[in-house]
Asker: 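Before I ask anything, here is the structure I am working with.
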Amino acid sequence: MTTHARIIGVGSYLPERILTNTDLEAMVDTSDEWIVTRTGIRERRVVAEGEATSHLSVRAAERALADAGIAASEIDLVVLGTSSPDMIFPATACLVQEKLGMTCPAYDVNAACSGFVFALHAGVAAIESGRATRVLVIGADALTRHIDFTDRATCVLFGDGAGAVVLEAGGEPGVLGIVLGSDGSGAGLLRIPAGGSARPVVPEGVGDASRYVQMNGNEVFRFAVKAIPAATLEALAASGHTVDDLAWLVPHQANQRILNTVEQRLGIPSERVFSHVATTGNTSAASIPLALDDLYTSGRIASGDLIALVGFGAGLTWGAAVVRWTKPRPTEEN
Ligand code: UT7
């Protein structure tokens, strides 16, 4: 019998501090009107002092485990997608594993904003190959730690957060089709040039713009509006479905204008394209599981619904997963 991976728990966490467009108006030469018109973002969350990606991840993971109704000790693999780890090493997944009192293997995946879909792919592969029975998949980022808050081109876009799902092996799918892609020729379009082995941060480099997120926004926009529809169609084809079968498209939350363009290109009504970018901003690898948890906890996905989770980001990277939702609405459980 073929083994499939099914999502049995979902959870997310947003840090408490809210940074509004009005707050940003006091920091850089921007306006609420410009940010809302060009991105749809009104506010985003920012990690507190002393808080890091692992803390956000632990909160999201605890909620996903509680939702799944299982103990942390029942997990046999942790895969965490992030591009803002607590440290270069050890992996943030190991910090999460220790904080949750687990003993299973744990590792990070860096695919920037596509990180959750890449981590999900690893978790699904581990289950389908029989190497794991229950996998905790996390997407988490605190990119505001790597933003130059004097650069209006980037500082209005990003926020922090974490989301997680618990996958379990079973006879029924689950995750039906999952596809990934990478194109390193676009590596220069979105990156943090310094801080790694190519350009280590040295004392005299402090304050250098290369320590922060740098982006060619127009090129990334053009890439996104091609990559999201293409990845969605590829994952749908891999699972034998079409756009018409989707109850929800759950895209990476980067910019409302990207989502609007994707709707037109895929011919999917906006009512079936999830967006809460107005209140989260771009939370990178956290974005898709945060969106999924919002849909689930607000009772907008029903058991049997077909959903597509689609990410894109630095690398360049992209990925999509078509999932048959098998959990009842939270209210139906009570
Ligand atoms: O997870 C993947 C991450 N990245 C993305 O998804 C980003 C994709 N790209 C985008 O979302 C958009 O390209 C941006 C929102 C980044 C920029 O929007 P745009 O409509 O492409 O604006 P633009 O870069 O073409 O800039 C238009 C103008 C420029 O002024 P001039 O040259 O026309 O005088 C910018 O200097 O807007 C100016 N501008 C701003 N003005 C006020 C750029 N940022 C701001 C700002 N406030 N924050």
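Numbering of ligands and ligand atoms starts at 1, following listing order.
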Asker: Does the protein place any heavy atom closer than 4.0 Å to atom 29 (C) of ligand 1?
Answerer: no

Asker: Looking at atom 3 (C) of ligand 1, what's its closest protein heavy atom, distance included?
Answerer: N282 ND2, 3.4 Å

Asker: With a 4.5 Å limit on heavy-atom distance, are the side chains of T20 and R42 in contact?
Answerer: no

Asker: When you compare the side chain of S284 with that of N282, does any pair of heavy atoms fall below 4.5 Å?
Answerer: yes

Asker: Relative to the heavy atoms of V156, which atoms of ligand 1 are at a distance of less than 4.0 Å?
Answerer: 48 (N)

Asker: Which of the numbered atoms in ligand 1 are under 4.0 angstrom from any heavy atom belonging to A254?
Answerer: 6 (O)

Asker: Kindly confirm or rule out an N or O of T39 lying under 3.5 angstrom from an N or O of ligand 1.
Answerer: no

Asker: Please list the nearest protein heavy atom to atom 47 (N) of ligand 1 with its residue and the distance rounded to 0.1 Å.
Answerer: T30 OG1, 2.6 Å

Asker: Could you verify whether a donor N or O on one side chain and an acceptor N or O on the other, from R199 and S210, lie under 3.5 Å apart?
Answerer: yes

Asker: For atom 21 (O) of ligand 1, what is the closest protein heavy atom, and at what distance to 0.1 Å?
Answerer: N218 OD1, 2.7 Å

Asker: Can you sort out which atoms of ligand 1 are near F312, meaning under 4.0 Å from one of its heavy atoms?
Answerer: 2 (C), 6 (O)

Asker: Side chain of D108, backbone of T92: donor and acceptor closer than 3.5 Å?
Answerer: yes

Asker: Begin from the C-alpha positions of D294 and R300 and carry the test salt bridge (Lys or Arg N to Asp or Glu O under 4.0 Å) through to its verdict.
Answerer: CA-CA 9 Å; D294 193 345; R300 284 177 282 174; 3.4 Å; yes

Asker: Can you name the atoms of ligand 1, numbered from 1 with element, that are less than 4.0 Å from a heavy atom of R38?
Answerer: 19 (P), 20 (O), 22 (O), 27 (C)

Asker: To the nearest 0.1 Å, how far is atom 7 (C) of ligand 1 from its closest protein heavy atom, and which atom is that?
Answerer: M215 SD, 3.6 Å

Asker: Identify the closest protein heavy atom to atom 9 (N) of ligand 1: which residue and atom is it, and at what distance?
Answerer: G217 O, 2.9 Å

Asker: Is the shortest side-chain N to carboxylate O distance from D160 to R17 below 4.0 Å?
Answerer: no

Asker: Check each atom of ligand 1 against the heavy atoms of R257 and keep those under 4.0 Å away; list them by number with element.
Answerer: 18 (O), 20 (O)

Asker: Quiz question for you: does at least one protein heavy atom lie closer than 4.0 Å to atom 5 (C) of ligand 1?
Answerer: yes

Asker: Is there at least one protein heavy-atom neighbour under 4.0 Å from atom 33 (O) of ligand 1?
Answerer: no

Asker: Can you find a non-hydrogen atom of V28 under 4.0 Å from ligand 1?
Answerer: no

Asker: Looking only at protein heavy atoms, which one is nearest to atom 48 (N) of ligand 1, and what is the separation?
Answerer: R152 O, 2.9 Å

Asker: Could you tell me whether R222 and E219 make a salt bridge, using a distance below 4.0 angstrom between a side-chain N and a carboxylate O?
Answerer: yes

Asker: Among I41, T283, T39, whose side-chain contact (heavy atoms from CB on, under 4.5 Å) with V277 holds?
Answerer: I41

Asker: Measure I35 to ligand 1 on non-hydrogen atoms and call it side chain, backbone, both or neither using the 4.0 Å cut-off.
Answerer: neither

Asker: Salt-bridge test for D76 and R131: reply yes if a basic N is under 4.0 Å from a carboxylate O, no otherwise.
Answerer: no

Asker: Under a 4.0 angstrom heavy-atom cut-off, which atoms of ligand 1 come close to N255?
Answerer: 10 (C), 11 (O), 15 (C)

Asker: Of the side chain and backbone of W34, name the one, both, or neither that has a heavy atom under 4.0 Å from an atom of ligand 1.
Answerer: side chain

Asker: Check this for me, if you would: do D67 and K327 make a salt bridge, where the nitrogen-to-carboxylate-oxygen distance has to be below 4.0 angstrom?
Answerer: yes

Asker: Would you say the rings of H252 and F312 are close, in the sense that their centroids are separated by under 6.0 Å?
Answerer: yes

Asker: Without swapping roles, check the side chain of D86 against the backbone of S54 for a donor-acceptor pair under 3.5 Å.
Answerer: yes

